[in-house]
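Any value given below was found using the heavy atoms of this structure, including those in side chains, with hydrogens, waters and symmetry copies removed. Protein chains get the first letters and strands the later ones, always in sequence-line order, with residue 1 at the start of each.
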Amino acid sequence: MNTTQPLSPPPLLQLEHISLSFKAVKAITNISFAVQPGEICALIGPNGAGKSSLLNVINGVYRPDEGAISYNGETFNIMQTHHAAERGITRTFQNIALFKGMSVLDNVLTGRNLHVRSSWLEQVFNLGRAPQEAVRQRKKAEAIIEFLHIQPWRNNVVGNLPYGLQKRVELGRALAAEPKLLLLDEPMAGMNTEEKQEMSRFILATQREFGTTIVLIEHDIGVVMALSDHVVVLDYGKKIGDGKPEEVRQNPQVIAAYLGTQH
Amino acid sequence: MLYREAGQFITHYRADQRLFRLRQDRIGFYLLLASAFVLVPYCGNDYWFSAILIPFLVLSLAGMGLNFLTGYAGQLSLGSAAFMAVGAFSAYNFNLRVEGLPFLLSILLGGVVAGLTGVIFGLPSLKIKGFYVLVSTLAAQFFVQWVFTNFAWFSNDSSSGVITAPPLDVFGLDLSSPAGRYLLTLTIVTALGLLAANIVRSELGRNWMAVRDMDTAAAVIGIAIPKTKLLAFAISSFYLGIAGSLWAFTYLGTVEPHGFDINRSFQILFIIIIGGMGSILGNFLGAAFIVLFPVLMSHIANGLLVGVMDSGHLENFQKIVFGMLIIGFLIKEPNGLASIWQTFTQQLRVWPLRYWSH
Ligand SMILES: Nc1ncnc2c1ncn2[C@@H]1O[C@H](COP(=O)(O)OP(=O)(O)OP(=O)(O)O)[C@@H](O)[C@H]1O
Ligand SMILES: [Mg+2]
């Protein structure tokens, strides 16, 4: 559109004409948008608009019927979950998907599994690279635990923690992977204002300190406006808005479809 | 000495990752090992070795095997006894057919064959989940028993598939006495028990639990689910295979395929239910319970109900009480005796300062 603007770097993630349906339900219809490296991109829209489905397409949990995904110079018709993980895409889930029977520390350590170099035999017999690596991985995990202020619960089983803390641990598990692209599906759902502010600070700090690119689904418009550099609006599986937060806010179609009906 | 962590500051991650973080726990563990290896062989009698301690140790090991698969990796199995049988019959054949193969090496190879068999019957778990995996292990249970009963080659053409223990010679020592068999079993179970504690605290153990708790999330963070599941089947069946050899050679002396029937698989399942899913200690507690419970029951019956109940009734009565206990555990304490023990030590840590919140 704006060919006069200074050249921006190529997008980290670009979706092109993605469509996805479940039998009769068209969850996503011909959606394209791009996410610039280092930005926080918010994905908004009413319930059932297809936001979660889109995240699932990006990291390979769902297979789109049509379209292509370009990520960091590679193009995929269908992303596989392990390809996404290996290329530095991690995420959190709308309904917390932690490993409930494991401690906070173990959940975070598990998030690092692609960074582990020693083999399972070395670990089991505590030989070779394993002993030093255990300490190294632990240090990395502890750094994340400290970053999110969850040290007091380090050894607690996550299933017993309050909801807000679980959301934080899930962010921790995702951050432990040192992602390039972080997908957050309603990280603040069900939180009170104070908890939302705290979580917003963690998300901003993640972007600033680690340079992580973030795609975020969020219903609270206040939070979206405060956090994001870029907003994409979906409605009934179609894209109805895409731009800077203030532009999207002015878009009459968006106001009619989304802001007018639902908060 | 009070059971207290006061003054024990953990300043290194390596110290924090030890098997026992509290000094009292470490000392307790060493004392337990010392008495099991030194005191018990001197004080124990043949009845205790042969009827209580050896089966207790072997069943603990079998419990570990099943616990890896079910308690840690979340894959249901009713095929434990099949993998025990594969271990025992393979070890028997290695020992029989390979001239001069040491006894321990035969057992080890038996475990390896059991592990590979486990992988084969674990393959369906890559496509199906939950109940259907159970069906696959059930197929293993019936298939393996059928093979060993119907192909006499496996038992060197003995009648009804019975196999007999090879000489229990280890590094030139004759360990065929009850105390010798006890020490042999104890050594193997201790070594594999320590290894088990390492396994479940390693990345592999965490990956197992991740697959158990939430497999989509596990895949999304890059865990290779097929490899993780198949390793669970392999290592689980390896442990069960070794347990099978010990059951046949250090406990019973002779065994037929029927000795590894589905009742044995249920027995091992009950051990991990009673002892605690996802706990190494739990296997020992569960096995102790399974071995001691009938002994205790018959003592009680002999004391109280003498003349009232004949042995057939007693056996049925035991089964009823046992069944009720299993149900009780499933409802009241799904994490088993291990969890009761943990709660107890937590309280002991602050005793008698009840109001010190942790
Ligand atoms: N696995 C599935 N099977 C069948 N239909 C699905 C599945 N996942 C999503 N859908 C359907 O796709 C549509 C989009 O759902 P999606 O979860 O992506 O919406 P959403 O924007 O995330 O909504 P919410 O704000 O409620 O989370 C809905 O009609 C939903 O019922
Ligand atoms: Mg959603």
[atom1] ([X]) with more than 12 external heavy atoms under 6.0 Å:
X: A:K26; atom1: NZ; value: yes
X: A:K100; atom1: NZ; value: yes
X: B:Y30; atom1: OH; value: no
X: B:Q342; atom1: CD; value: no
X: A:F22; atom1: CZ; value: yes
X: A:R63; atom1: CZ; value: no

* Which is it for A:W120 and B:I199 under the side chain to side chain contact (heavy atoms under 4.5 Å, CB included) test, yes or no, and what are the steps along the way? -> CA-CA 9 Å; A:W120 66 271; B:I199 294 174; over 6 Å; no
Which answer fits [X], side chain, backbone, both or neither, if we ask what part of it has an atom under 4.5 Å from a heavy atom of chain A?
X: B:L231; result: side chain
X: B:A218; result: both
X: B:R201; result: neither

* Asked: Heavy-atom distance under 4.5 Å between the side chains of B:V220 and A:T90, does that happen here?
  -> no
Roughly how far, to the nearest 0.5 Å, is the [atom2] atom of [Y] from the [atom1] atom of [X]?
X: B:N207; Y: A:F99; atom1: CG; atom2: CZ; answer: 8.5 Å
X: B:S202; Y: A:L121; atom1: OG; atom2: CG; answer: 10.0 Å
X: A:N126; Y: B:L194; atom1: CG; atom2: CG; answer: 12.5 Å

Is it the backbone or the side chain of [X] that comes under 4.5 Å from a heavy atom of chain B, or both, or neither?
X: A:A97; result: both
X: A:L183; result: neither
X: A:R112; result: neither

* Are the side chain of A:Q123 and the backbone N or O of B:E203 linked by a donor-acceptor pair below 3.5 Å? -> yes
* If you check every heavy atom in residues 73-85 of chain A against those of chain B, which residues fall under 4.5 Å? -> A:T81, A:A85
* Nearest heavy atoms of A:N113 and B:I221, plus distance in Å -> ND2-O, 2.9 Å
* Please name the pair of heavy atoms, one in A:M102 and one in B:R206, separated by the smallest distance, quoted to 0.1 Å. => CE-O, 3.7 Å
* Heavy-atom pairs under 4.5 Å with chain B are the metric here; pick the option from A:E86, A:R91, A:K139 that has the most. => A:K139
* List for me each residue that meets side-chain contact (heavy atoms from CB on, under 4.5 Å) alongside A:N155, sequence neighbours excluded, and say none if there are none. => A:L105, B:R21
